[in-house]
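These notes concern the structure reproduced below.
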Amino acid sequence: MRRHLLLWGLLSSAGAAAQDLTAYRTLAYTLDRAAAQVGRDPAAAKAELDRADAALSVLGPTLPGGEQGALASNLRSTVTQAHSALSRTPAEVQAHVLLARGLLRRALYDQALDSLQPQPGPANDTAALRLLGRELGLQGEALAALSLQARLGERDTVRWQVQRVAAGKVRAALQGTGPEQPRTVNYLALTRASSWFALVREPGRESTPPLGVPQFDRALRQVSGGDQTGLAQSLTDLQAGAADLERRLAAGAPAPSSQAVPPAGESPNAQEPPVPGTTPGTGTTPGMGTTPGTSTSAQNLDAVYAALARALTASGHGDPAQARATLAQVTPLLSEVPPAVRAAPAFAQFGRDVQTMQRRTGLRPDDVQALIATLGSAERQAAGQATAGSDGFAAGASRALGGGIRAWLGLGLAALCLLPLYLLRLAFGGSNVYWRSIWAGLLTLTLPLLLSGTFGLLAWLGDLLDLPLLRGAVNLTLSQGAGGLLLRGLLSAAGLALLAYGFWGLCQQFGLLGRRTVPGPVSRPPSRYTQHDLDWDEEL
């Protein structure tokens, strides 16, 4: 267990920049997933930390100071140390994740405040502020109140609301500490409290009461060193300081600005404007598994379904690049879906499948459909309902037979389709109209496989080499939508008709359907048959 955590990294980030919020959500989600997996599946935790590195490389240039700034450097160092801690104890990994999350929230807090303008207006209700509210766990009216104060330009009130909630989280984390608690419990609780303290740390606020980075650092050293006497006093001081800070913040609400007036059409009690397509007063989308009165997390689940639907549309139009970009928007939302769904066994697999599909070349509609089915299974598990075994089979097939494997397998099947057609032509020739009909029927029935194998491989190569012309060849595979289903049905009907005609003619030729013969001791075929037919008949 490390004797010193990088609490100096929780310093306020000056000059907040416009962060890439999608990368922020992805980084936060992967860090949380790593902390959750480290005690159960170290390999999965390492994979999540690898994804966190990738997300940080995207987020870093948009942080204050850029890629080489102090904040990006501290984050990278903390994530690297989390990687190193995988070989030691899960508590160390979780502690570094908590510190990284504290850094992220502080940077987001500074950006949200710096973007507020003194004059009222809807532009003050920024995406960064709404994301910060969700990071704080605000929902419903509490989140709407924060957004309203932002639209009014009440920067001091927004700061007070954020710090008051964060101070409550600091006090709640410290309540779980005590000299009688195991070292790991105290270690993680102190780290969690210090990460939330990053949001309330203001100049001049640390001396009275003694609640600041040095105090947290001292308590952590005492936990690591086994100094129970000193730890008991430190924890008492920290708990008293956190309680006093929360009381002072609760009693010190700033007065509203005299220049701040609600924007046109709003009242001080106004709530968040409804999301298009939602039911007024509930904030939920009908028909998506939610009911009136559900929380913001239910809306986020609807947003996941909406992103999957857009990805399905893009893949159905032969645009896997856009489908992958849309799937990348799903990952940040996963940490904000209802807790019951997140706890479902199928949800963990869904998160991994989303990550896999974001990197898949030649993404197809059934890949996205398997994702939707897996998320639906997680919802049913959360509701205590039975799940369909076919959904799990479809998801497994999508994981195993996608991308290049599917493209080359399709080409192999297309090549095999040519073999019986060649052998049939070689064995019976093409002079008999009925055998020609049978040959044409087999060709028509195998045409969907031929098209899928040929154009599917071309589309995969086009996506791999970023050639739009080849990438669009997937639309000719008859497996992209309802139009292809209709064409496959017509081809099947035509192929069966040709086969039936050919075999009907052969049955007549062999006298199985009332073949007419010439009277006499020896039956002779009608004159319409050719010499080739007679030779084949005699050989048979």
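Any value given below was found using the heavy atoms of this structure, including those in side chains, with hydrogens, waters and symmetry copies removed.
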Q | side chain to side chain donor-acceptor pair (under 3.5 Å) partners of E246, counting only residues at least two apart | A | R171
Q | Residue pairs, two or more places apart or on separate chains, that pass salt bridge (Lys or Arg N to Asp or Glu O under 4.0 Å) and touch residues 350-362 | A | D353-R399, R360-D367
Q) Got a salt bridge between D227 and R221, using NZ or NE/NH1/NH2 to carboxylate O under 4.0 Å? A) no
Q.
Test of understanding: with salt bridge (charged side-chain N to carboxylate O under 4.0 Å, His left out), list the residues that count as partners of R310, not counting sequence neighbours.
A. none
Q | Listed partners of A36 passing side-chain contact (heavy atoms from CB on, under 4.5 Å), at least two apart | A | none
Q: State which residues pass side-chain contact (heavy atoms from CB on, under 4.5 Å) with Q322; sequence neighbours excluded, sorted by chain then number.
A: A314, D319, T326
(Q) Tell me every residue that passes salt bridge (charged side-chain N to carboxylate O under 4.0 Å, His left out) with R406, counting only those two or more places apart in sequence or in another chain. (A) D366
Q. Would you call R155-D114 a salt bridge at under 4.0 Å N-O?
A. yes
(Q) For Q239 versus Q175, what's the shortest heavy-atom pair and its separation? (A) NE2-CA, 4.5 Å
(Q) Going by side-chain contact (heavy atoms from CB on, under 4.5 Å), name the residues that satisfy it together with A343, two or more places apart in sequence or in a different chain. (A) none
Q: For the pair W408 and W460, name the ring-plane relationship: parallel under 30°, tilted 30 to 60°, perpendicular over 60°.
A: perpendicular
Q | D391/R380 salt bridge by N-O under 4.0 Å criterion | A | yes
Q | Those residues that, when tested against D156, pass salt bridge (charged side-chain N to carboxylate O under 4.0 Å, His left out) (two or more places apart) | A | R159
Q) For D50, which residues count as a salt bridge (charged side-chain N to carboxylate O under 4.0 Å, His left out) partner, sequence neighbours excluded? A) K46
(Q) Tell me every residue that passes side-chain contact (heavy atoms from CB on, under 4.5 Å) with T126, counting only those two or more places apart in sequence or in another chain. (A) S115, A128, L129
Q. Quick one: salt bridge (Lys or Arg N to Asp or Glu O under 4.0 Å) pairs with a partner in residues 187-200, sequence neighbours left out?
A. none
Q | Ionic contact status for R76 with D53, cut-off 4.0 Å | A | no
Q. Partners of T30 by side chain to side chain donor-acceptor pair (under 3.5 Å), sequence neighbours excluded?
A. none
